[in-house]
Amino acid sequence: MAIFGKDEAKAAVQLDHTLLPRHVAIIMDGNGRWAQRRGMPRTFGHKAGVEALREIIQYSDELGIEALTIYAFSAENWKRSAEEVGALMGLLLEYFTKELEELHKKNVRIRILGDIDGMPQGLERQKSALHAAIERTKDNTGLQLGIALNYGGQQEILHAAQRLAKRAADGEIAPEAIDKAMFEKELYTNGMPDVDFLIRTSGEMRLSNFLLYQLAYAEFYNTDTLWPDFDRKAYDQALLSYAKRNRRFGGV
Ligand code: FPP
């Protein structure tokens, strides 16, 4: 495949939609370090992270990407300090309160990946805002925005297995009838295209329990850029890297 110069590459990615991933997943890492480098509390980094996120959602929509899934809060993130968890939950509520109508106008369909009702007590406003966002945008046909929240990939797979095991035990399905399609229907990403491209910022090389099933054939991109600095240009670079990949899905 041709080696593009930077500007050509941008044009190529933008003009040729066949070179774009259909489904991008992002681990938005590095907010805390971004803030600490500025002598600020970690929560300052999360605020800046929301700004970066807003821009990347907007750009994904403009590019015509079908699905974008972001890792907002893992099932393990409750271990962080009460102050940091509180700040993140505050940002979440603010985001859904302020942005919902704008996203709806853009025909964005919001999907929450994770256990909303299993979030701790005291977060009733967040839970209602999340359910309202799903309901409000459920018939939209534009960008599918997956927000992984109180999410764990292992938990997701276990729950899918439990639900299918129950149906088999109830005599509703035969165990040998459980195939890929049936299993995938039990995942939060049901109906979304396969994840083509995973971006992780801040240089960490871990999956952190994110989309363990769905990432089977995803291309991986890692950048040292911290999430609050991940802008349109950085996204272009990532998409360019994707456009140059030769995906083989186990073949040659
Ligand atoms: C990782 O950085 C980031 C998070 C755990 C939270 C990401 C959340 C947001 C950007 C905002 C919330 C989302 C919405 C939808 C409003 P880190 O804190 O682990 O950074 P570090 O590795 O530098 O410590």
Side-chain angles (χ1 to χ4, degrees), residues 24-61 67-104 106 108-116 119-120 123 125-134 136-137 143-153 188 198-211 222-232 234-235:
V24 179
I26 308 184
I27 303 179
M28 314 179 286
D29 200 7
N31 295 345
R33 276 165 285 166
W34 185 89
Q36 277 159 355
R37 284 180 196 173
R38 286 161 178 76
M40 300 295 279
R42 297 174 56 80
T43 51
F44 182 71
H46 293 315
K47 265 189 210 152
V50 176
E51 294 308 316
L53 174 61
R54 194 175 279 126
E55 200 56 27
I56 293 304
I57 293 172
Q58 168 72 29
Y59 195 28
S60 300
D61 188 39
L68 171 69
T69 296
I70 51 117
Y71 208 0
F73 196 91
S74 78
E76 289 77 30
N77 282 153
W78 302 107
K79 292 183 207 153
R80 296 190 176 202
S81 74
E83 188 201 351
E84 186 169 347
V85 170
L88 280 166
M89 291 301 129
L91 284 172
L92 190 78
L93 185 60
E94 189 184 322
Y95 181 79
F96 279 100
T97 316
K98 281 196 189 158
E99 310 275 328
L100 180 58
E101 282 316 302
E102 194 59 34
L103 291 168
H104 181 53
K106 288 190 183 127
V108 172
R109 178 175 171 198
I110 295 171
R111 320 249 326 215
I112 304 297
L113 283 54
D115 184 7
I116 301 177
M119 287 165 72
L123 295 173
R125 284 190 303 160
Q126 280 81 356
K127 292 180 202 177
S128 335
L130 294 169
H131 284 301
I134 296 168
R136 180 88 175 117
T137 63
L143 174 73
Q144 292 204 59
L145 175 61
I147 300 182
L149 194 70
N150 195 20
Y151 173 86
Y188 291 119
L198 172 70
I199 299 172
R200 182 166 190 150
T201 58
S202 93
E204 303 289 347
M205 298 282 199
R206 284 188 292 277
L207 284 182
S208 301
N209 206 10
F210 189 45
L211 300 176
N222 192 275
T223 169
D224 285 338
T225 303
L226 302 177
W227 175 251
D229 292 327
F230 192 85
D231 55 11
R232 285 175 180 244
Y235 200 20

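No hydrogens, no waters, no symmetry mates; every other heavy atom, side chains included, goes into these values. Just so you know, ligand 1 is whichever comes first in the structure, and atom 1 is the first atom listed for that ligand.
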For ligand 1, is there an atom lying under 4.0 Å from some heavy atom of R80? yes
Of all the atoms in ligand 1, which lie at a distance below 4.0 Å from a heavy atom belonging to M28? 1 (C), 2 (O), 3 (C), 7 (C), 8 (C), 9 (C), 10 (C)
When you measure from the centre of the six-membered ring of W34, is the NZ or CZ of R37 closer than 6.0 Å and no more than 45° off the axis? no
Is there a polar contact between ligand 1 and I70, counting only N or O atoms under 3.5 Å apart? no
Atoms of ligand 1, numbered as shown, that sit under 4.0 Å from any heavy atom of R33: 21 (P), 22 (O), 23 (O)
Consider every N or O of N77 and every N or O of ligand 1, then say whether any pair is closer than 3.5 Å. no
Ignoring hydrogens and geometry beyond distance, is a side-chain donor-acceptor pair present between R200 and S208 at under 3.5 Å? yes
Near Y95 (heavy-atom distance under 4.0 Å), the atoms of ligand 1 are 16 (C)
Ion pair present between E102 and R54, side-chain N to carboxylate O less than 4.0 angstrom? no
So which heavy atom in the protein is nearest atom 20 (O) of ligand 1, and how far is it from that ligand atom? G32 N, 3.1 Å
Look only at the side chain of N77 and the backbone of S74, and say whether a donor-acceptor pair between them is shorter than 3.5 Å. yes
Is ligand 1 under 4.0 Å from a heavy atom in the side chain of R42, in the backbone, in both, or in neither? side chain
Among all protein non-hydrogen atoms, which one is nearest to atom 11 (C) of ligand 1, and what is the separation to 0.1 Å? V50 CG2, 3.6 Å
Heavy-atom contact check, 4.0 Å cutoff: does S202 meet ligand 1? no
How far is atom 4 (C) of ligand 1 from the closest protein heavy atom, and which atom is that? H46 CE1, 4.0 Å
Could you tell me if the side chain of V50 sits less than 4.5 Å from the side chain of E94, heavy atoms only? no
Heavy-atom check, side chain of F73 versus side chain of L92, under 4.5 Å: no
State, yes or no, whether a side-chain contact exists between L100 and T137 at a heavy-atom distance under 4.5 Å. yes
Interatomic distance, CG@D29 vs OG1@T223, rounded to 0.5 Å, equals 11.5 Å
N or O pair under 3.5 Å between N31 and ligand 1: yes
Backbone or side chain, does any N or O of Y71 fall under 3.5 Å from an N or O of ligand 1? no
Using a strict cut-off of 4.0 Å, indicate which atoms of ligand 1 neighbour a heavy atom of A72. 6 (C), 7 (C), 8 (C), 13 (C)
Going by the angle between their ring planes, with limits at 30° and 60°, are F210 and Y71 parallel, tilted or perpendicular? parallel
